[in-house]
Amino acid sequence: MDRVAKFPHLRQDFAASLVVFLVALPLCVGVAVASGVPAELGLITGIVGGLVTGLMRGSSLQVSGPAAGLTVLVFEAVQSFGLAALGVIVLTAGLLQLAMGALRLGRWFRAISVSVVEGMLAGIGLVLIAGQLYAAAGVEAPLTGPGKIAGIPDLLAEAVSSTAALASLAVGASTIALVVLWNRMPKRVRAVPGALAAVVLATLATLVFGLPVATVQVQGLFDAVQIPALSEFGGLADVSLLGTVAAFTLIASAESLFSAAAVDRLHDGPRTQYDKELMAQGAGNTVSGFLGALPMTAVIVRSSANVRAGARTKASRVLHGVWLLLFAALLPSALGLIPLPALAGILIHAGWKLIPLRALVALWRSHRGEALILVVTAVAIVTVNMFEGVLTGLALSVAKAAWDASHIKLEVVDSNAAHVRARLSGNATFLRLPKILDSLEALPKDRPIALDLSGLHHLDHACRTALENWAERHSSSGTEPVRLTRTEAVPAAR
């Protein structure tokens, strides 16, 4: 009775933890393999996400671990700086997240344009799909995003002429088909997560039919741990490595806090404390980095599975970390049986879900500027790299906001043979100065003009000077001087 009173939701949380574990297991392994690192590092990050981040305050039902959204960035980092530097990058990013949470900056991540975040995820999804097509065929992928996409026709042509490549593609395609069709299965069958079922069935098929496909390389949980040497921290003097740290920090934080907002909409329990959640993510990434593992974020797939499975407290996500640890410690050889094309199929499906096609169509109909930001961000990530693509999206978002904020309208409110009365409303900034001057120059020059500025919310110095110069020029034509009606409500820029 005492235990029941102390842990009233233990039964629900225990059941939910098993569901989350089954969802997380193939994703942890798949994300690690796609990132170009040992499979065990994905499990280590999942374990830390449960046992460290899971114990901390912030969002009680959100589950953290390695995410498909960071796969491209991790792969690029490992290729550029080496696996030994990954721990330094992740650890430093975690410390920055801790500092930002302590400075109460977590809530500001909600100010990032949704179009930029969706564009980021779309770009990641495209690169992920393109890269994993090669993994599904058992062929080494080109290093660049454009190279991966441009090489797909050659990949398909090569696969047709290779029995091993066709067998590998068949395993990958079957995995994708099973994941997609799994939601149409009876409810009792769907109690097993589709991704896990697909990987298990692909593994059994590979073993039974002796298919010539590559499998996960296993080296042991403790052998995979690579605590960064002190000499590795000297790499932080490299500007490009610092840029990668900044990209890890920004993207992991934004993805986690956007996920938290989505998870809050799925349940009626305690709301997310954003600054504390950012610190929880920072603590997890600090520990993951110390162990040389992958970066972590909150993952919406695992989090939504946690909520749907009936979790009530953070005990479910902590227990899921325990199950991952027990699996990695007691059954490491089981990883070596998993075919790589099956994991590629799981990640291709995950990458497809990152591309918001329906949202893009709706956005194009209602807010074309935001839709363009989404598309440009995605294209920049595919053609350049993750960090510069996100910066491009943020710059466009800020420029659009500035342009929208400088909305200005000139309305002629009274015009007759004697005089003209006009009114400016909105925000008069230098961004709209050409439009303002064109509208004013179009006013009659042979009649007196009274220009009312009381409708302006803001009047910057450039516009104020331009208005005064226009009034002087107009008044020199022999008509009465232009009357500018000001109120105290119009702030002057200084």
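The model shown is predicted, which means the values in this text are computed figures rather than measured ones.
Around CZ of Arg57, the count of heavy atoms belonging to other residues, nucleotides or ligands within 6.0 Å does not exceed 12. Within 6.0 Å of the CZ atom in Arg104, the count of heavy atoms belonging to other residues, nucleotides or ligands does not exceed 12. The environment of CD in Gln79 is crowded: more than 12 heavy-atom neighbours from other residues, nucleotides or ligands sit within 6.0 Å.
At a cut-off of 3.5 Å, with distance as the only test, no side-chain donor of Glu277 or Ser59 sits close to an acceptor on the other residue. At a cut-off of 3.5 Å, with distance as the only test, no side-chain donor of Ser425 or Glu411 sits close to an acceptor on the other residue. Side-chain contact of Gln62 with Ser259: a donor-acceptor pair under 3.5 Å is present, judged by distance alone.
With Ser35 contributing its side chain and Val37 its backbone, the two residues share no donor-acceptor pair below 3.5 Å. The backbone N or O of Leu394 lies less than 3.5 Å from no partner atom in the side chain of Ser397, so there is not a single donor-acceptor pair. Side-chain N or O atoms of Ser80 include none that pairs as donor or acceptor with a backbone N or O of Ala77 at under 3.5 Å. In terms of modelled atom types and a separation under 3.5 Å, the side chain of Ser316 and the main chain of Arg312 share no donor-acceptor contact. Under the 3.5 Å distance criterion, the side-chain polar atoms of Thr175 are matched with a main-chain donor or acceptor of Val171. For Asn285 (side chain) and Ala93 (main-chain N/O), no donor-acceptor pair under 3.5 Å exists by modelled atom type. With hydrogens and angles disregarded, a donor-acceptor distance shorter than 3.5 Å links the side chain of Trp182 to the backbone of Val192. For Arg317 (side chain) and Gly54 (main-chain N/O), a donor-acceptor pair under 3.5 Å exists by modelled atom type.
Looking at every heavy atom in both residues, Thr45 comes nearest to Pro295 through CG2-O, 3.7 Å. Closest of all the heavy-atom pairs between Gln281 and Ser64 is NE2-OG, 2.8 Å. Val31 and Ala67 make their closest contact through CG1-O, 3.7 Å (heavy atoms, listed as atom of the first residue, atom of the second, distance). Taking every heavy atom of both residues into account, Ser303 and Val263 meet most closely at CB-CG2, 3.5 Å. The shortest heavy-atom contact between Tyr134 and Ala130 is CD1-O, 3.0 Å. Contact detail for Leu278 and Ser253: the closest heavy-atom pair is CD1-OG, 3.5 Å.
Of the candidates Thr377, Val376, Val116, Ile373, Val376 is the only one forming a side chain to side chain contact (heavy atoms under 4.5 Å, CB included) with Thr392. Each of Pro66, Cys28, Pro38 was evaluated against Leu43; a single residue qualifies, Cys28, per the side chain to side chain contact (heavy atoms under 4.5 Å, CB included) test.
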